[in-house]
Amino acid sequence: EVQVVESGGGSVQTGGSLRLSCTTSGFIFDDTDMAWYRQAPGNECELVSSITSGGVTYYEDSVKGRFTISRDSGENTVYLQMISLKSEDTALYYCAAGEGVQFGGNCGAAGSIYWGKGTLVTISS
């Protein structure tokens with residue numbers, strides 16, 4: 001019933017740009033906090049950015065100034081605009097929705113948070 005679907009991943013060179021999209025349905029989007037997480041092989045699930053239902057944003061230090069999160073109520077969609085991409089940005093990027101989503105979590109974990117299945121971002125030299 002609830003759907004959280006990421007798209008927009010791909011392979012780009014260092015310094016390039018990508019825009020990820022997270023399209024949702026099955027819940028009240030305008031009342032829901034949203035976030036982007038990422039996980040690279042051998043690494044822990046990492047909160048990249050979040051945006052509350054009121055539009056308050058958070059960015060992890062390593063992406064601050066390079067990534068921009070936004071939300072579109074008409075589309076029930078959250079975006080992550082990424083510029084100046086680096087090799088360390090390579091990861092599977094997950095969209096997450098729900099109360100407290102900005103306070104961390106394990107990518108794809110069962111519980112009250114809704115998770116997408118991820119979209120792969122690969123940065124090459």
Side-chain angles (χ1 to χ4, degrees):
E1 188 173 29
V2 171
Q3 291 187 314
V4 179
V5 182
E6 305 96 335
S7 62
S11 181
V12 297
Q13 292 184 325
T14 298
S17 301
L18 282 173
R19 188 178 73 157
L20 306 184
S21 298
C22 174
T23 300
T24 71
S25 62
F27 61 92
I28 308 300
F29 178 82
D30 289 348
D31 293 341
T32 304
D33 299 336
M34 304 292 298
W36 287 97
Y37 286 78
R38 67 186 180 188
Q39 188 165 35
N43 286 31
E44 191 174 352
C45 179
E46 176 186 40
L47 175 63
V48 177
S49 184
S50 64
I51 183 167
T52 69
S53 60
V56 178
T57 60
Y58 162 85
Y59 298 94
E60 195 272 327
D61 286 345
S62 69
V63 309
K64 196 172 296 181
R66 300 188 298 119
F67 291 12
T68 303
I69 191 170
S70 61
R71 60 193 298 154
D72 186 329
S73 294
E75 299 283 343
N76 289 343
T77 297
V78 173
Y79 301 96
L80 187 67
Q81 180 67 57
M82 307 184 293
I83 66 171
S84 302
L85 286 161
K86 306 174 180 180
S87 60
E88 56 262 41
D89 296 318
T90 295
L92 188 64
Y93 283 70
Y94 294 89
C95 181
E99 184 177 356
V101 71
Q102 67 268 47
F103 297 110
N106 295 316
C107 297
S112 60
I113 303 299
Y114 304 123
W115 294 88
K117 294 181 179 180
T119 185
L120 184 63
V121 171
T122 302
I123 314 303
S124 61
S125 301

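Linking Ile, Leu, Val, Met, Phe, Trp and Tyr whenever their side-chain heavy atoms come within less than 4.5 Å puts V78 and Y93 in one cluster. With hydrophobic clusters built from ILVMFWY side chains whose heavy atoms lie under 4.5 angstrom apart, Y59 does not share a cluster with Y37. Hydrophobic clustering of Ile, Leu, Val, Met, Phe, Trp and Tyr side chains at less than 4.5 Å, counting indirect connections, unites V121 with F67. Both F29 and I69 are part of a single hydrophobic cluster, where members link through side-chain heavy atoms under 4.5 Å apart. Hydrophobic clustering (side-chain heavy atoms under 4.5 Å, transitive across Ile, Leu, Val, Met, Phe, Trp, Tyr) groups I51 together with V63.
Between the OG atom of S25 and the CD atom of Q3 there is a distance of 4.0 Å, given to the nearest 0.5 Å. Annotation: the span from L120 atom CG to L20 atom CG amounts to 10.5 Å, rounded to 0.5 Å. Distance check, rounded to the nearest 0.5 Å: CD1 of I123 to CG of L18 gives 6.0 Å. How far OG1 of T68 is from CZ of R19: 11.5 Å, rounded to the nearest 0.5 Å. Taking CE of M34 as the start and CZ of R71 as the end, the distance is 6.5 Å to the nearest 0.5 Å.
For D33 against S53, the heavy-atom pair with the smallest separation is OD1-N, 2.8 Å. Closest approach of D30 to S73, counting heavy atoms only: OD1-OG, 2.7 Å. In plain terms, the two heavy atoms of K117 and E6 that are nearest each other are N-OE1, 3.1 Å. For the residue pair R38 and C107, the shortest heavy atom distance occurs at O-SG, 4.3 Å. Looking at every heavy atom in both residues, M82 comes nearest to L85 through CB-CD2, 3.8 Å. Between L47 and Y58, the shortest heavy-atom distance links the atoms CD2-CE2, 3.6 Å.
Side-chain atoms of S49 do not come within 3.5 Å of backbone N or O of W36 as any donor-acceptor pair.
Side-chain atoms of C22 and T24, non-hydrogen and from C-beta on, do get closer than 4.5 Å to each other. Side chains of S62 and E88 form no contact here, defined as non-hydrogen atoms less than 4.5 Å apart. T119 has its side chain out of reach of S7: every pair of non-hydrogen atoms, C-beta onward, lies at least 4.5 Å apart. Looking only at side-chain heavy atoms (C-beta outward), V56 and Q102 stay at 4.5 Å or farther from each other.
Within 6.0 Å of CG on D72 lie more than 12 heavy atoms contributed by other residues, nucleotides or ligands. More than 12 heavy atoms of other residues, nucleotides or ligands shown are found within 6.0 angstrom of CD on Q81.
Relative ring orientation between Y94 and W115 is described as perpendicular, the plane-to-plane angle rising above 60° on a 0-90° scale split at 30° and 60°.
Of the charged side-chain nitrogens involved, at least one lies within less than 4.0 Å of a carboxylate oxygen, so that K64 and D61 count as a salt-bridged pair.
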